[in-house]
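This report concerns only the one structure given below.
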2 protein chains.
Amino acid sequence: MSSSKFARYLPILDWGRRYDRAALGSDLLAAVIVTIMLIPQSLAYALLAGLPPEAGLYASILPILLYAIFGTSRTLAVGPVAIVSLMTAAAIGKIATQGSADYASAALTLALLSGGILLIMGVFRLGFLVNFLSHPVISGFITASGILIAASQLKNILGIPATGHTLIETLISLARHLGAVNLWTLAIGASTTAFLFWVRKGLKPLLRGWGLSPAVADGIAKAGPVLAVVATTLLVWALGLEARGVSVVGALPQSLPPLTLPGLSLDLMRQLLMPALLISVIGFVGSISVAQTLAVRRRQRVDADQELIGLGIANLGAAFTGGFPVTGGFARSVVNYDAGAQTPAAGAYTAVGLGIAALMLTPLIHYLPNATLAATIIVAVLGLVDLNILKTAWCYSRADFAAVAVTMAATLLIGVEAGVSAGVLLSILLHLQKTSHPHVAEVGLVPGTQHFRNILRHKVETDPSVLTLRVDESLYFANARFLEDYISNRVAEDTPLRHVILMCSAVNEVDLSAVESLEAINTRLSELGVKLHLSEVKGPVMDRLKRGHLLTCLTGQVFLSQYDAYRSVVAQGAAAAE
Amino acid sequence: MSSSKFARYLPILDWGRRYDRAALGSDLLAAVIVTIMLIPQSLAYALLAGLPPEAGLYASILPILLYAIFGTSRTLAVGPVAIVSLMTAAAIGKIATQGSADYASAALTLALLSGGILLIMGVFRLGFLVNFLSHPVISGFITASGILIAASQLKNILGIPATGHTLIETLISLARHLGAVNLWTLAIGASTTAFLFWVRKGLKPLLRGWGLSPAVADGIAKAGPVLAVVATTLLVWALGLEARGVSVVGALPQSLPPLTLPGLSLDLMRQLLMPALLISVIGFVGSISVAQTLAVRRRQRVDADQELIGLGIANLGAAFTGGFPVTGGFARSVVNYDAGAQTPAAGAYTAVGLGIAALMLTPLIHYLPNATLAATIIVAVLGLVDLNILKTAWCYSRADFAAVAVTMAATLLIGVEAGVSAGVLLSILLHLQKTSHPHVAEVGLVPGTQHFRNILRHKVETDPSVLTLRVDESLYFANARFLEDYISNRVAEDTPLRHVILMCSAVNEVDLSAVESLEAINTRLSELGVKLHLSEVKGPVMDRLKRGHLLTCLTGQVFLSQYDAYRSVVAQGAAAAE
């Protein structure tokens, strides 16, 4: 492997070489801010994934370090994120009981599979596969997931048990247990939620009004969740609320991430393969779009295939150190960027910070109420819910609306995996359906010009012996027969017709099926004494056609421009008539 | 329903009204010829499907009559065909034993499901779905099926039992039983096969050499199979070969098609649904292409959706009269056409002829050896085998070759259903992969013209502050992110850049994902002080863009032509520099 190839797989060699004191200062400051933000967030997402809180910290330590070595984004912050945590809970919830050793072990297996899939996609440059998640599908999925996540956390706000993978199951389960609401828990949960919403919407303007600078106001607003954590923890401890039924985080092991071995049974891997694929793809899509948005602002580059490798290795790290699937998070990456992180070293320092937290701070977290964590999750994910996408898509096109609506409905009513799969399949089918019925315009010469336009929209000149068709689509198997039908039916009763010209300016590809259809059209037309011509065939398409038989058996000619074609065949007709 | 709509669903109202004595004469003659050809063929295909011989006759009577009423082709001949019979055997062979009552009942269910699927596709105008069977997939499938069918009939030529759904299974099973070859059977089978090949290749030139007219020579050559049937039947009867182990058709019921009820258990229907779908689609593709080829020669029209309805009803007819799945056959339709059939009434007369055969001629068929039927099948299907398609596809493109090769390999090694499914999925994936990496050309002005061409292929004029990109593909979700990446990476280190122009002459569609990507590109570029412009946007695409936000937030302009765009932004740059 040449050294440049080596550098491609190890971006740290590039930025590490130029690392200096200025970058160190910026990175350290960013790391402190991100660490403080990540502690409650990591615990909360572990709760959402159905895992013990410390798993959230563990999932943020080695993965961040590994991403710093293998990732290409300078500012992406990797760790547990809300949607991936929800998908983890949905995938494992089907095969193990929350809190069991099997459950934790399956989470490791899921991270292992997800890491393996990302790594393979990166090495074989299969990153383009994620493009099949269209924007409407992603938007619909994120919105529906946000609603699902918020619903799933209501039980922690109310202090009741509730289960369910779909929205309806969750709501029914909540309703059944409503009688058992713990009022202390509800008081903490509801007031924390209200406080965090107020911090988000009302605090910053207020602080600005008091004359604070935007940066300071922003910093204080971002510290809101930490404030809530400290305040409610002290409250529970001071009032002894654990004894009154307020569920708390409890005793956590005081240690660095342990070395863990994921469950490796073939049966388990088979059951988790599809969820792992969806988690990888969904996680990667979110991560790469944050990474790219931040990179462009500083004219930096992100390599999608290397990102797959970086995230893949980060997930493998999570699998062997007591974590669960991770990816690049939006909120934390923006905080990292805004705090001035210059290089992935900021991530490494964050990992060190979290390691210290796992070793030293865990006893302090004992009385942190789960209701507070639930409140931070609810406030965070409701920011993801964007029902406007339904209206935007409806206005834009019915196909895009269908993709959003089906994805949302399937996610809410059936589950996260069904939602993503249904959305992807539907958008591919709708696209294929569209390209299988291409727009075909019968065109004529705009008088006084060399332009040809649709005879239905423009006053144009035509000749009864010539039919010119402009096909606005690449010709491939899905529409090859459409064209055959169209031309067969069009010429069936048109007796004066002598020439058919296909204008190919919008044809970007002609595959073997389409070539054979064109040959069939050519043969059928020649049986009727009609010649087939082509015009404005693009270079790459022409190169391809030269490899087949069409050009040797074509009854007509291939013209460079439609104008040449029209003039030439009309002149032939005139000569024949004389 | 208006009368014209009514006529759409009943094409017989159209041609029936104008039926006259001349058409009657032509149709009757064609019917006699087709009837003689169909008797051995129907028996043979029933054998191939693993059904009693009379099922072949039954499958040719009511279905032909129904197609005559509901079909739109004037000359298509409907009945059992080789590939559909093979697929029937493959589908039912998995769930019942040949010769059992369950087997025959499952064949009826398969015809019922297949008819229902075709009918639904026709009524809901879903005919375009069959377009996803690309030509390479169809060619590969037909060739592989021909080989499978020929292999499956070797047991009848050798007079040994053998089973197997894949080529390898069949060959191994044949090899195991080779010791039990019946020499009388082999003698009849091998000589009939050789005779039929000679009739096909050598007889016609010979007859022409003797001075016979082409039509007479052709007619005698086509009568070859009937001759073989008569000769071998007489031989078996005269020499008493049945007692020497030559397997014969045996006693057939002497009756018109019975009224039968398909098996209707939900479990059976679930197992047969997928095979029925594939049989419907494969059968329809073959049928419509024959119908269309013959129709165009006489400037007639075939309506694909009504064809689905006609074939669907024909299959329902087969389901209730002791048949199995049917479709339009290539060979018999061509014979019907060549014999001068004018209207679907020729089919009705054929049905009457076959009805008489079923009532009166069945005793004569008792001594017809199965080896003769196997020989007619082998000679017929080897005409379908076309290994050249591998070479043609290889020369044309790797993607088309992959589709052919995978379809053939999966059909031969796994089975007919796996073959079709693998081919369809692979060709869709390869197409999506291709369009997700569109060709993007950086273009410049060809000096002295208003044309813009690829800077890599042509000497063109460019401006360091302007980047013009021509994307040779519709913009949709699968390539939206590709474009984002491409532009992000392209502009990252290009500091003098001030304008990016997207030239959209080959963009036939822009979906919501692509619009959102364009908005993201626009935002990112504006953060770098670069404006985004569009040029040569097509009418329908522009209509669509007006429904979204892009045009309101676009930092640049939309230009009618690329030349206008280039001139305008270069002039802006010059003005700014002054």
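Numbered from 1 within each chain, the chains take letters A, B, ... in sequence-line order. Below, all heavy atoms of this structure are taken into account, side chains as well, without hydrogens, waters or symmetry copies.
- Atom CZ of B:Arg453 is surrounded by 12 or fewer heavy atoms from other residues, nucleotides or ligands within 6.0 Å.
- Contacts of B:Ala304 with chain A are made by side-chain atoms alone, with heavy-atom separations under 4.5 Å and no backbone atom involved.
- Ranked by heavy-atom pairs under 4.5 Å with chain A, the first of B:Tyr476, B:Phe482, B:Phe477, B:Tyr396 is B:Tyr396.
- Of the residues considered (B:His431, B:Arg547, B:Lys538), B:His431 shows the highest number of contacts with chain A, using heavy-atom pairs under 4.5 Å.
- When each of A:Ala295, A:Ala478, A:Pro438 is checked for heavy-atom pairs under 4.5 Å with chain B, A:Ala478 comes out on top.
- Each of B:Gly548, B:Ser397, B:Ser505 has some count of heavy-atom pairs under 4.5 Å with chain A, and the biggest count is that of B:Ser397.
- Remark: B:Arg524 engages B:Glu484 in a salt bridge, criterion side-chain N to carboxylate O under 4.0 Å.
- For chain B, the option among A:Val510, A:Val507, A:Asp303, A:Asn479 with the highest count of heavy-atom pairs below 4.5 Å is A:Val510.
- Other residues, nucleotides and ligands contribute only 12 or fewer heavy atoms inside 6.0 Å of the NE2 atom of B:His549.
- When the candidates A:Ile138, A:Ile428, A:Thr392 are compared by the number of heavy-atom contacts under 4.5 Å with chain B, A:Ile428 comes out ahead.
- Counting only heavy atoms from C-beta outward, the side chains of B:Asn508 and B:Val541 never approach each other to under 4.5 Å.
- At a 4.5 Å heavy-atom cutoff, B:Leu550 makes no contact with chain A through either its backbone or its side chain.
- Ion pair A:Lys434/A:Glu473 not flagged as a salt bridge, since none of the NZ, NE, NH1 or NH2 atoms sits closer than 4.0 Å to an Asp/Glu carboxylate oxygen.
- A side-chain donor-acceptor contact under 3.5 Å links B:Thr72 and B:Glu307.
- Annotation: maximal heavy-atom pairing with chain A below 4.5 Å, among B:Asp400, B:Asp485, B:Leu525, B:Val515, occurs at B:Asp400.
- Both the backbone and the side chain of B:Ser517 come within less than 4.5 Å of a heavy atom in chain A.
- For B:Glu527, the part sitting under 4.5 Å from any heavy atom of chain A is the side chain, from C-beta outward, and nothing else.
- Residue with the most contacts toward chain A among B:Thr435, B:Leu512, B:Asp472: B:Leu512 (heavy-atom pairs, distance under 4.5 Å).
- A:Leu469 pairs in a side chain to side chain contact (heavy atoms under 4.5 Å, CB included) with only one of the listed residues (A:Val443, A:Leu483, A:Ile487), which is A:Ile487.
- For B:Gln433, the parts lying under 4.5 angstrom from a heavy atom of chain A are both the backbone and the side chain.
- For A:Val285, the part lying near chain B is the side chain, with the backbone staying farther off; criterion is any non-hydrogen pair under 4.5 Å.
- Side chain of B:Ser526 to main chain of B:Thr523: a donor-acceptor pair is present (N/O by atom type, distance under 3.5 Å, no hydrogens or angles).
- You'll find the side chain of A:Val491 stays beyond 4.5 Å of the side chain of A:Val530, heavy atoms only.
- Of the listed residues B:His439, B:Glu509, B:Lys546, the one with more heavy-atom pairs under 4.5 angstrom with chain A than any other is B:Glu509.
- Nearest heavy-atom pair across B:Leu551 and B:Met542 is CD1-CE, 3.8 Å.
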